[in-house]
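Since the structure comes first, as structure tokens, the remarks are kept for the end.
Chain letters run A, B, ... following the sequence lines, proteins first, then strands; residues in each count from 1.
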Number of protein chains: 4
Amino acid sequence: MNITLEQAEKAIAASKAKATEIDTKMNICVVDAGANLVAFARMDGAWLGSVDISFKKAKTARYFDMPTGEIGKLSQPGEALYNIEHSNGGLISFPGGLPIKNKEGDIIGAIGVSGSTVENDHTVANAGIEAL
Amino acid sequence: MNITLEQAEKAIAASKAKATEIDTKMNICVVDAGANLVAFARMDGAWLGSVDISFKKAKTARYFDMPTGEIGKLSQPGEALYNIEHSNGGLISFPGGLPIKNKEGDIIGAIGVSGSTVENDHTVANAGIEAL
Amino acid sequence: MNITLEQAEKAIAASKAKATEIDTKMNICVVDAGANLVAFARMDGAWLGSVDISFKKAKTARYFDMPTGEIGKLSQPGEALYNIEHSNGGLISFPGGLPIKNKEGDIIGAIGVSGSTVENDHTVANAGIEAL
Amino acid sequence: MNITLEQAEKAIAASKAKATEIDTKMNICVVDAGANLVAFARMDGAWLGSVDISFKKAKTARYFDMPTGEIGKLSQPGEALYNIEHSNGGLISFPGGLPIKNKEGDIIGAIGVSGSTVENDHTVANAGIEAL
């Protein structure tokens with residue numbers, strides 16, 4: 001019940017195509033069901049600091065089986081999960097990370113995208129998932 | 001397309017002169033286009049804790065190709081990049097870090113300054129860039 | 001003077017083909033001239049612990065501009081660089097990491113491969129470089 | 001009883017001159033009596049991995065108030081300080097790090113050099129000290 005490298009590369013290719021279509025430069029990362037890295041690509045000229053953010057988004061999405069932006073709502077000051085980002089060697093809780101499910105609805109991995117606005121990051125991550 | 005040591009030392013000398021002029025004691029750090037350290041100076045009596053901050057400011061400015069203070073606006077509670085500082089082994093998102101460009105506009109490195117108010121830090125970082 | 005994503009993906013594809021040919025499962029990592037990650041692939045069933053090793057091999061090869069195995073000869077007990085692996089947040093000094101040069105001989109990045117014997121790791125890394 | 005920035009920059013200038021004289025490219029680092037960074041320079045084209053090594057050499061020399069190579073003799077398998085490199089976030093115990101003393105013989109800091117053979121690293125570190 002793990003994403004395959006072939007699937008991960010297909011998702012990355014679709015994300016790259018979408019990133020180019022909306023004129024952005026992205027870091028795209030796919031992890032498996034164990035939150036271990038499967039595949040990664042940094043588009044030429046994309047932010048260097050987004051290498052780690054794309055990985056942390058994918059990791060965060062799989063660690064809690066939900067879009068990273070959902071965690072961000074709960075991690076604000078005064079909210080239930082305030083500063084959860086301190087755990088697990090660092091989480092990223094703004095949009096751009098999404099769990100990946102198979103046809104049966106089982107989570108088989110996650111994708112994380114970073115390099116533009118969080119809206120664009122989310123759009124590009126979603127394009128990767130829709131290709132599967 | 002990397003800053004040279006000669007350029008980095010010129011920037012640091014100019015930053016030191018500006019720091020002295022406004023009666024502050026600064027840590028000044030220059031990284032190259034790959035965000036690797038090129039040159040550093042801590043003025044006598046400057047804060048020890050600013051060694052790391054000056055490096056993280058320079059790194060952050062290059063990682064996202066913008067002044068560090070811009071990131072800080074977006075990383076506040078409720079904003080789009082809340083808690084981005086947990087990525088990349090620690091970022092610094094208040095002013096004092098600036099990308100360095102060559103005449104063609106390509107980013108060749110970044111400078112980070114820490115040791116006084118963030119306004120002074122920014123002023124001293126800017127003095128380093130203007131010397132190039 | 002940085003490797004492009006297109007080049008990095010070409011190298012990874014060639015390394016994967018060679019890994020399949022010799023019946024191994026590899027983690028393959030490519031970094032740029034600044035030792036920042038460009039592309040990565042973990043073949044289905046490859047060791048999870050080799051994700052980090054492949055990255056550290058690529059990083060080590062670029063950090064010292066030589067095959068990782070050369071450093072390993074010098075880092076043995078009693079040799080000149082004994083325990084150099086404790087620097088830079090961890091180095092890997094056995095074979096499988098190689099610098100990548102352009103036609104002019106400038107180093108534009110590095111490749112790191114991990115997942116089998118060090119001889120196989122080196123062979124697969126080399127296949128990636130020869131594809132460029 | 002701390003080395004000043006002026007002294008540190010004088011030492012680095014002398015080390016750079018010696019490095020050029022013997023046709024090497026060095027990373028040169030000076031720390032103060034508290035083992036905190038004072039000044040640093042990476043010569044153009046010097047190994048990226050030697051940034052951290054030069055710092056760890058300077059730090060190690062001050063942490064134990066002796067040349068780094070002396071510690072390396074004691075950290076070999078079977079010797080008294082076997083694997084001491086695991087402490088302090090990583091030590092470097094091969095030559096290239098030296099304590100810096102004032103005229104009264106008090107240790108005021110340390111210098112660390114990395115980028116060539118350990119003999120050359122030591123020679124260049126020593127040139128920095130002799131300039132003071």
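Proximity to chain A (any heavy atom under 4.5 Å) is restricted, for B:Ala33, to the backbone atoms N, CA, C and O. Of the atoms belonging to B:Leu74, not a single heavy atom falls under 4.5 Å from chain A.
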Please assess B:Phe64 against A:Ile53 for the test side-chain contact (heavy atoms from CB on, under 4.5 Å), listing each intermediate value before the final yes or no. CA-CA 11 Å; B:Phe64 302 99; A:Ile53 292 176; 3.6 Å; yes
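In terms of non-hydrogen atom pairs under 4.5 Å with chain B, the most contact-rich of A:Leu48, A:Ile92, A:Val118 is A:Leu48.
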Across chain B and chain A, going purely by atom type as modelled, what donor-acceptor pairs are there at a distance under 3.5 Å?
unit_1: A:Trp47; atom_1: NE1; unit_2: B:Phe64; atom_2: O; d: 3.2
unit_1: A:Leu48; atom_1: N; unit_2: B:Tyr63; atom_2: O; d: 3.3
unit_1: A:Gly49; atom_1: N; unit_2: B:Tyr63; atom_2: O; d: 3.1
unit_1: A:Gly49; atom_1: O; unit_2: B:Asn88; atom_2: ND2; d: 2.9
unit_1: A:Asp52; atom_1: OD2; unit_2: B:Asn88; atom_2: N; d: 2.5
unit_1: A:Gln76; atom_1: OE1; unit_2: B:Gly78; atom_2: N; d: 2.5
unit_1: A:Asn83; atom_1: OD1; unit_2: B:Asn83; atom_2: ND2; d: 3.0
unit_1: A:Glu85; atom_1: O; unit_2: B:His86; atom_2: ND1; d: 3.4
unit_1: A:Glu85; atom_1: OE1; unit_2: B:Asn83; atom_2: ND2; d: 2.8

